[in-house]
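Just below is one structure, and these are the notes that go with it.
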There are 2 protein chains.
Amino acid sequence: MNKKEKIVQSAIQVFTEKGVEKTTVSHIVKAAGIAQGTFYLYFPSKLSLMPAIAEVMVQLTLKTVIEAVEESASFDEQLKQFVDAIFAVNEEHHEIQAMIYSGLASTEHLKEWENVYAPMYQWVSTIVAKGQEQGAIRGDSHPDQLAKLIIGLTESAAEQIYLYDEEVDQGIRASEQKKETLLFLTYALGYSN
Amino acid sequence: MNKKEKIVQSAIQVFTEKGVEKTTVSHIVKAAGIAQGTFYLYFPSKLSLMPAIAEVMVQLTLKTVIEAVEESASFDEQLKQFVDAIFAVNEEHHEIQAMIYSGLASTEHLKEWENVYAPMYQWVSTIVAKGQEQGAIRGDSHPDQLAKLIIGLTESAAEQIYLYDEEVDQGIRASEQKKETLLFLTYALGYSN
DNA sequence: ATGAAATGAATGACAGTCAGTCACCTGAGA
DNA sequence: TCTCAGGTGACTGACTGTCATTCATTTCAT
């Protein structure tokens, strides 16, 4: 692993343990086993780490989703697999998700979010297009548009549970929310088997 | 205006002008016309301002939405009015929206988001319940659940345009996105006139 | 030998503290 | 009713320790 990757990995680890605010650059460099100054050869500031971290997370999410959604499954099964996968990633990595929002939102890096998310949009868009071709879902919207709305809806539903909510009954509310999200999506896409 | 409100108002102003990162507490207190120490009587840190700012914003959003949605209108008209209102608030206050995310997400204040949003959820929920009673939309989901998904979807759709995207052709893409969101919602709620 | 990479001590800026001030209230005595 | 001593707590701003960032120097690879 080169120094830049090492910094990103260490930063994710330390941020997750201590929280973004309480993490100092010297914590990160200590964890990475490099000198203070070296950090600034690779990143101009602490927060400029965030797009790099966000990229790692989106790649992980996309990987999880691609693995979860079976090529051969029916569209409604794929939809369920997709929702389950998004919820699973959000459950496992909610601290990092929160961190990314904070980091991206608090800087001029907000605009990079769309670029980072682009592969995700693209992948969902192709799945949607296939569904439309098979006549499984309505064809009166462009796949790219539907992809953005599907991802936005599902992530926001997952965040409502894992980021913003208290943790009591999280399991129960998560499965409820998943069920509702799936139903909502099924209607929204005009699904007919 | 009491000191606490004065701090919140000044903070919104300075944050919007300089960005959250580049704003210091001494900038805020200077704008508010109070001493450094006074700030800490009301807020334990710079970022703990965020829930208070978020509350102001959500109140503003709810006020805008309530004014925009006509009691007497049909459900699909109400839905359109709702989506338009959310988009309008996001367009007008995108810097502040970004700021709130950053502030809430970067701290232990994330959990307060749900509380801050509660009045909004509640209001939408009652509108949805009325729609269900009239048989305008499907009744196989709880209004509270639908409210969360509707708000999450609409806000995320608006953010995709006004927060994350570049500003080229924003007007065109905004109206496209509004149209698609409305269509998506209409299907999702199983609307039938 | 040369330049690129890495270092870590030094610097300046900032968040947060705290000892002290002051405006105002309360109630006891005249 | 007036007055003033004692009490309260909101407010102040100079001060301190911490931290992000810089940069003169060293190390390393070619």
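Because the structure is a prediction, the values reported are computed rather than measured. A, B, ... follow the sequence lines: proteins, then strands. Residue 1 opens every chain.
For the pair K30(A) NZ and dG8(C) P, the computed distance is 12 Å after rounding to whole Å. Computed from coordinates, the H27(B) NE2 to dG13(D) C1' distance equals 17 Å when rounded to whole Å. The nearest whole Å value for the distance from the CD1 atom in I28(A) to the C1' atom in dC19(D) is 12 Å. Distance, L47(A) CG to dC19(D) C1': 13 Å, rounded to whole Å. The separation between F39(A) atom CZ and dT21(D) atom P is 8 Å, rounded to whole Å. Between Q36(B) atom CD and dC14(C) atom P the separation is 10 Å, expressed in whole Å. The CD1-P distance, from I7(B) to dA15(C), rounds to 14 Å in whole Å.
One side chain, Q177(A) or Q160(A), offers a donor N or O that lies under 3.5 Å from an acceptor on the other. Looking only at atom types and distance, the side chain of Q122(B) has no donor-acceptor partner in the side chain of Y117(B) under 3.5 Å away. Side-chain contact check for Y187(A) and D140(B): at least one donor-acceptor pair (N or O, by modelled atom type) lies under 3.5 Å. Between the side chains of E70(A) and Q78(A), no donor-acceptor pair of N or O atoms lies under 3.5 Å. A side-chain donor-acceptor contact under 3.5 Å links E77(B) and S74(B).
For D76(A) and K80(A), the salt-bridge test fails: no basic side-chain N is under 4.0 Å from an acidic carboxylate O. Between E71(B) and K130(B) a salt bridge is recorded (basic side-chain N to carboxylate O distance below 4.0 Å). Classification of K148(B) and E114(B) as a salt-bridged pair holds, one side-chain N sitting under 4.0 Å from a carboxylate O.
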Collect all protein-nucleotide pairs involving nucleotides 21-23 of chain C in which both atoms are nitrogen or oxygen and the distance is under 3.5 Å.
none

For nucleotides 3-6 of chain C, print each protein N/O atom paired with a nucleotide N/O atom at under 3.5 Å, atom names and distance only.
residue: dA6(C); atom: OP1; partner: K3(A); partner atom: NZ; Å: 3.0
residue: dA6(C); atom: OP2; partner: Y42(A); partner atom: OH; Å: 2.4

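Among the nucleotides dG16(C), dA20(D), dC14(C), the one closest to any side-chain atom of T24(A) is dA20(D).
For the pair K4(B) and F43(B), the distance from NZ or CZ to the six-membered ring centre is under 6.0 Å and the angle to the ring normal is within 45 degrees.
Nearest-nucleotide mapping onto DNA chain D: of K22(A) and G37(A), the residue sitting toward the 5' end is K22(A).
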